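Below is one structure, written out as C-alpha cells; comments come after it.
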Amino acid sequence: MSRRLGTHGFAESVETLDRQLEDAPAGVADFGYAVHRAAKSTGIPADRLAVEIATGFPLSGGLAGVTSEGAYVNFHADTPRLVQATLELVFARGAEYGRGPPRAEKACVEHTSANPTGPFHVGRVRNGIIGDTLARTLRAAGLPVTTEYYVDDMGRQSAMITWIWSKPVDQWPESVREGARPPAGASPTTEKADRWYGRPYPFVSELLKRDPTAAQSVADLVRQIESGNAPARHRELAQAVLDAMLASLRRIGIQFDSFVWESSLVSDGSVARVIERFRKAPDAVVEENGALVLDAAKYGLPKETAKIVVTRGDGTSLYPTRDVAYHLGKFARFARAVDVLGQDHQLHARTLTAMLSELGEARAPEFVIYQDITVPEGGRMSTRKGRAVYLDDLLDEAVERAQAEVLQRREDLPSEQVAEIAERVGAGAVRYHILRVAPDKPVRFRWEEALSFEGRSGPFVQYAYARASSVLRKAGAEGAPAGFDAKSLSAPEETALVRVLARLPGTVQYVARTAHVHTLATYAHEAAESFNRFYQNIPVLRADEPMRTGRLALVAAARQTIGNTLDYLGLARLERM
RNA sequence: GGGCGUGUGGCCUAGUCUGGAUAGGGCAUCGGGUUCCUAACCCGAGGGUCGAGGGUUCGAAUCCCUCCACGCCCGCCA
C-alpha cells in the first residue's frame with residue numbers, strides 16, 4: 001500500500017497508513033482508504049488518485065479485489081476464504097471463541113457494595129449489572145478476576161437497622177411503627193429478610209433528622225460498633241439482610257467471589273495503621289478540635305474540596321479513611337483494582353486516589369462511574385424518599401409476563417420447564433435493559449420499556465440462540481460440524497452474518513479496555529439481528545447439498561458465538577423458549 | 001461559584017476515545033409477510049438544524065472555544 005502510494009510521490013509510514021485503513025460501509029467493501037490527504041500532498045485530484053491506486057493493485061492473501069469509488073479506495077475480502085477461516089476459528093475454539101490469551105495480572109472488580117439495609121431498588125442494581133458484566137468481560141479478555149463486595153457494617157446506615165430491631169415493635173417510635181407497618185399476613189417467614197428488616201429504615205432515617213435523642217442513641221451505637229463491641233445482633237441482622245439481597249442478585253446472574261466486611265478493617269488494625277501513617281504524612285494537619293485533615297490541593301483536587309477529613313475530632317475514622325485501608329489491602333492482593341461507583345461518588349473517587357498517593361501508593365483504582373436511574377417523575381431512585389422500584393418486584397412482573405408469553409406459544413412444555421424459561425427470560429429482559437445504555441448516560445426507568453421482550457432486548461438475543469439451537473436439534477447436528485464448503489455460503493444474509501460473528505473477539509477486547517459494557521449488549525443485538533435475517537430468508541433443513549451442510553455449520557457457529565456473548569452478558573442460554 | 005457527566009427524528013438509544021462515504025438500531029405510527037427450520041421474527045414507508053453559536057480541517061455528531069439546559073458532588077454522613 002505504502003509502496004503503491006510512494007509511486008505517486010506520497011510518503012507516509014506504513015503504520016500511519018494502517019491506521020487510516022478503516023471499515024467501509026457494510027455492503028460496499030470490507031475496508032476503505034480515504035485518499036484526500038494523499039491527494040492534497042501529491043497534488044493529484046482525489047478521484048483520479050483513487051482510481052490510480054486501485055488499478056492493478058496487487059492481490060494476495062485474503063484480498064480479492066480493490067476498487068475505487070469517488071475519493072475512496074475500497075478493499076474487498078476474499079469472502080469464501082473469510083467464511084472458511086471464521087467458521088473454522090469458531091469451531092476450533094468453541095466455548096473459548098471470543099476469549100483472549102491468558103494474562104497474569106490479577107484484577108479485582110468491586111461492585112454493588114450496597115449497605116445491608118434493605119432490598120435492592122433498580123437504581124442500585126445498575127452498579128451490579130455493570131460490574132458483573134465487566135468482570136465477565138475482563139475474564140473473557142484473559143484476566144484472572146475476583147469480584148468483591150465491600151460490606152459496610154460500620155456506618156450509621158446499618159446501625160439504624162440494629163438500633164430499631166433491638167427493641168420490640170410496640171416500643172418503636174410512633175412514626176416508625178406507623179410507617180413501617182407490614183402488610184396483612186406478612187411475617188419474617190413469608191417475606192425476604194431484606195424487605196422485612198429493611199421496612200423501618202426510611203422512617204428511622206427521617207426520625208433521626210428531627211429527634212436528637214434518637215440520633216444520639218444511634219450515634220452511641222455507631223461508636224460502640226467502631227470500638228469493636230457491636231451487639232451480636234448487629235452482625236446477624238446485617239448478614240441476614242445481605243443474604244436476602246444477594247438472593248435477588250443471583251436471579252439476574254450476579255454472584256460474588258469475595259466479601260470484605262468493613263468492620264474487619266477496624267478490628268484487624270489496618271484502619272488504625274492508616275491513621276497513623278496519615279499523622280506522619282507531609283500534608284496532614286491536626287485541627288483545633290482534634291480532627292486530622294489532609295490538604296490534597298497538590299493532587300489536583302479543586303480547592304473547595306481539597307481538604308479531606310481523615311479522622312473526626314474524637315479520632316474515629318471516616319468512610320474515605322476506611323476505604324484507603326481497604327484499597328491498600330486490595331493492592332496487596334491484586335495488581336489491578338476496578339471500582340464501580342455511582343456518579344455521586346465521583347468526588348470520593350478522586351479523594352481516594354489522592355489519599356492513596358499521599359501514603360505513597362503508586363497504583364490507583366480504575367473507576368467506572370455510572371449515572372443514576374431516575375423515576376419517571378424525575379429524580380433518582382431512593383428508598384428513603386419512597387421513590388424506588390424494587391428489583392424483586394420488577395423481576396416478578398417480568399417473569400409473570402414471560403410466563404404468559406411462553407404459554408401462548410409452547411403448549412407442549414411441562415409447567416416446570418415453562419417456569420424455568422420464564423424466570424430466565426424475565427431476568428434477561430431486566431438485565432439487558434439496564435445494561436444496554438452507556439454507563440455515562442442517565443436512565444429514566446419506565447415499566448413498559450423495562451419489560452419489553454421485543455426489539456433491542458435480552459429476550460431478542462435469547463430467542464435467536466433458541467432458534468439456532470432448535471435447527472441443530474432437528475438436524476441431529478449438535479456435534480462439531482465437518483466437511484462444509486465455504487463457497488456454498490454466498491448469500492448476502494450468510495456472508496453478513498459471518499462478518500458479524502467474526503467481530504466478537506475484537507468486541508471483547510474493546511470492552512475490556514474501555515469498560516463500555518453496553519457495547520457488548522449492542523453487539524449481541526447485532527449478532528441476533530443478523531442471525532434472524534438469515535433464518536428468515538434462508539432455509540436450512542430443507543436445503544439441497546452442499547448448501548444444507550454449509551448452512552448447518554453457519555447455524556452452529558452463530559449459536560456458539562451468540563451463546564458465548566450471552567455468557568459475557570450474564571444472560572441465560574435457552575435451548576428453547 | 002467550582003468540579004464531573006449528559007444533550008442525536010414523537011419517545012429511547014448506537015456512533016464521540018482513534019474526524020471520512022446516504023448518522024445505525026429499537027419503541028410508537030402506517031403498509032406487507034406464517035401450506036416452509038419457533039412471527040419474542042422478517043420486509044417496506046414516513047419522520048433528523050446530531051442543544052445553540054463560533055473555530056480548526058479537503059471533510060465535524062466526533063477535535064477546540066463560548067454559551068444554554070438537565071443530573072450529581074463540593075471537610076468531621078456513607
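Lettering follows sequence order; numbering is per chain, from 1. Everything numeric in this text was worked out from a predicted model, so none of it was measured.
Residues H345(A) and E69(A) both approach RNA chain B. Their nearest nucleotides, taken by heavy-atom distance, put E69(A) toward the 5′ side.
Using a 4.0 Å heavy-atom cutoff across all strands shown, P539(A) reaches at least one base atom of the nucleic acid. Contacts of R401(A) with the nucleic acid, taken as non-hydrogen atoms under 4.0 Å apart, are absent. Counting non-hydrogen atoms under 4.0 angstrom, P442(A) reaches the backbone sugars and phosphates but no base. In this structure, A464(A) reaches neither bases nor backbone, as no heavy-atom distance under 4.0 Å exists between it and the strands shown. No engagement by H348(A) is indicated, since no non-hydrogen atom pair under 4.0 Å with the nucleic acid exists. Residue V425(A) is in base contact, counting any heavy-atom pair closer than 4.0 Å across all strands shown. Nucleic acid contact class of T305(A) (heavy atoms, under 4.0 Å, all strands): sugar-phosphate only. Note on G70(A): nothing from the nucleic acid sits closer than 4.0 angstrom, heavy atoms only. In this structure, A306(A) reaches neither bases nor backbone, as no heavy-atom distance under 4.0 Å exists between it and the strands shown. R456(A) comes within contact range of the sugar-phosphate backbone alone, with a heavy-atom separation under 4.0 Å but no base atom that close. Residue E526(A) is out of contact with every strand shown, counting any heavy-atom pair closer than 4.0 Å. The residue F460(A) sits close only to the backbone: its heavy atoms come under 4.0 Å of sugar-phosphate atoms, none of a base. If you check every strand for non-hydrogen atoms under 4.0 Å, Y510(A) touches a base. Residue contacts for V443(A): at a heavy-atom cut-off of 4.0 Å it reaches no nucleic acid atom on any strand shown.
Put simply, the side chain of R499(A) never gets that close to the backbone of E494(A): no donor and acceptor are under 3.5 Å apart. The main-chain N or O of V73(A) is never found under 3.5 Å from a side-chain atom of E69(A) such that the two would form a donor-acceptor pair.
For R350(A) and C72(B), the CZ to C1' distance is 14 Å, given to the nearest whole Å. With rounding to whole Å, D323(A) atom CG is found 10 Å from A78(B) atom C1'. As rounded to whole Å, 11 Å separates atom C1' of C36(B) from atom NZ of K474(A). Regarding L347(A), its CG atom lies at a distance of 14 Å from the C1' atom of C77(B), rounded to whole Å. Here C41(B) presents its P atom at 18 Å from CD of E493(A), a figure rounded to the nearest Å. In this entry the distance linking CZ of R312(A) with C1' of A78(B) reads 10 Å, nearest Å. With rounding to whole Å, E22(A) atom CD is found 12 Å from G59(B) atom C1'. The CZ-P distance, from F31(A) to U18(B), rounds to 20 Å in whole Å.
The same atom, C1', is picked in G15(B) and in G54(B); the two are 24 Å apart, to the nearest Å. Of the C1' atoms belonging to G26(B) and C77(B), the separation is 41 Å, rounded to the nearest Å. The same atom, P, is picked in G1(B) and in A14(B); the two are 30 Å apart, to the nearest Å. As rounded to the nearest Å, G48(B) and A23(B) have C1' atoms that lie 9 Å from one another. Rounded to a whole angstrom, the distance from the C1' atom of A61(B) to that of U8(B) is 7 Å. Here, C4(B) and U66(B) have their P atoms 12 Å apart, quoted to the whole Å. Nucleotides A28(B) and G47(B) place their C1' atoms 12 Å apart, quoted to the nearest Å. For the C1' atoms, the distance from C50(B) to G7(B) is 10 Å, rounded to whole Å.
In the model, R559(A) has a side-chain atom that pairs as donor or acceptor with a side-chain atom of S469(A) under 3.5 Å.
A donor N or O paired with an acceptor N or O is not found under 3.5 Å between the base of C76(B) and the side-chain atoms of D314(A). With hydrogens and angles left out, the side chain of R542(A) and the base of C37(B) share no donor-acceptor pair within 3.5 Å. Evaluation of atom-type donor-acceptor distances gives no pair under 3.5 Å for the side chain of H36(A) against the base of G59(B).
With U38(B), C17(B), A78(B) as the candidates, the nucleotide lying closest to the side chain of M577(A) is U38(B). Comparing atom distances between the E304(A) side chain and each of A21(B), A39(B), G1(B) picks out G1(B) as nearest. Side-chain proximity of Q157(A) to C41(B), G2(B), A78(B): nearest is A78(B). For N537(A), whose side chain is taken as the heavy atoms from C-beta onward, the closest listed nucleotide among G25(B), A78(B), C42(B) is C42(B).
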Show me the side-chain donor-acceptor pairs of residues 421-432 of chain A shorter than 3.5 Å, one per line, residues at least two apart or across chains.
unit_1: E423(A); atom_1: OE1; unit_2: R251(A); atom_2: NH2; d: 3.4
unit_1: E423(A); atom_1: OE2; unit_2: R251(A); atom_2: NE; d: 3.0
unit_1: R424(A); atom_1: NE; unit_2: E420(A); atom_2: OE2; d: 3.1
unit_1: R424(A); atom_1: NH2; unit_2: E420(A); atom_2: OE2; d: 3.1
unit_1: R431(A); atom_1: NE; unit_2: L569(A); atom_2: O; d: 2.7
unit_1: R431(A); atom_1: NH1; unit_2: D132(A); atom_2: OD2; d: 3.0
unit_1: R431(A); atom_1: NH1; unit_2: I252(A); atom_2: O; d: 2.8
unit_1: R431(A); atom_1: NH2; unit_2: D132(A); atom_2: OD2; d: 2.8
unit_1: R431(A); atom_1: NH2; unit_2: T133(A); atom_2: OG1; d: 3.0
unit_1: R431(A); atom_1: NH2; unit_2: L569(A); atom_2: O; d: 3.1
unit_1: Y432(A); atom_1: OH; unit_2: A521(A); atom_2: O; d: 2.6

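Searching all strands for a Watson-Crick or G-U wobble partner of G9(B) with both distances below 3.5 Å returns nothing. Remark: G44(B) base-pairs with C30(B). Criterion, Watson-Crick or G-U wobble with two distances under 3.5 Å. The partner of G75(B) cannot be assigned: no Watson-Crick or G-U wobble pair with both contacts below 3.5 Å exists in any strand. The partner of A14(B) is absent, by the rule that a Watson-Crick or G-U pair needs both atom distances under 3.5 Å. With a cut-off of 3.5 Å on both pairing distances, the Watson-Crick or G-U wobble partner of G20(B) is C58(B).
The salt bridge (charged side-chain N to carboxylate O under 4.0 Å, His left out) search around D283(A) returns K298(A), not counting sequence neighbours.
Around atom CD of E411(A), no more than 12 heavy atoms belonging to other residues, nucleotides or ligands sit under 6.0 Å away. The neighbour count for F31(A) CZ, taken as heavy atoms of other residues, nucleotides or ligands under 6.0 Å away, does not exceed 12.
For R410(A) and D412(A), the salt-bridge test passes: some basic side-chain N is under 4.0 Å from an acidic carboxylate O.
Classified by its glycosidic torsion, G9(B) falls in the anti category, the angle being over 90° from 0.
Using cut-offs of 30° and 60° on the angle between ring planes, the pair W447(A) and F445(A) is perpendicular. Ring geometry for H525(A) versus F460(A): interplanar angle of 30 to 60°, hence tilted. The aromatic rings of H345(A) and H348(A) sit perpendicular, their planes meeting at an angle over 60°, well past the 30° parallel limit.
We find that the ring of Y72(A) and the base of A21(B) stack, their centres lying under 5.5 angstrom apart and their planes tilted less than 30°.
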What does the list of N/O pairs under 3.5 Å between the protein and nucleotides 69-71 of chain B look like, with a distance for each?
unit_1: G71(B); atom_1: O2'; unit_2: Q343(A); atom_2: NE2; d: 3.1
unit_1: G71(B); atom_1: N2; unit_2: Q343(A); atom_2: OE1; d: 2.9

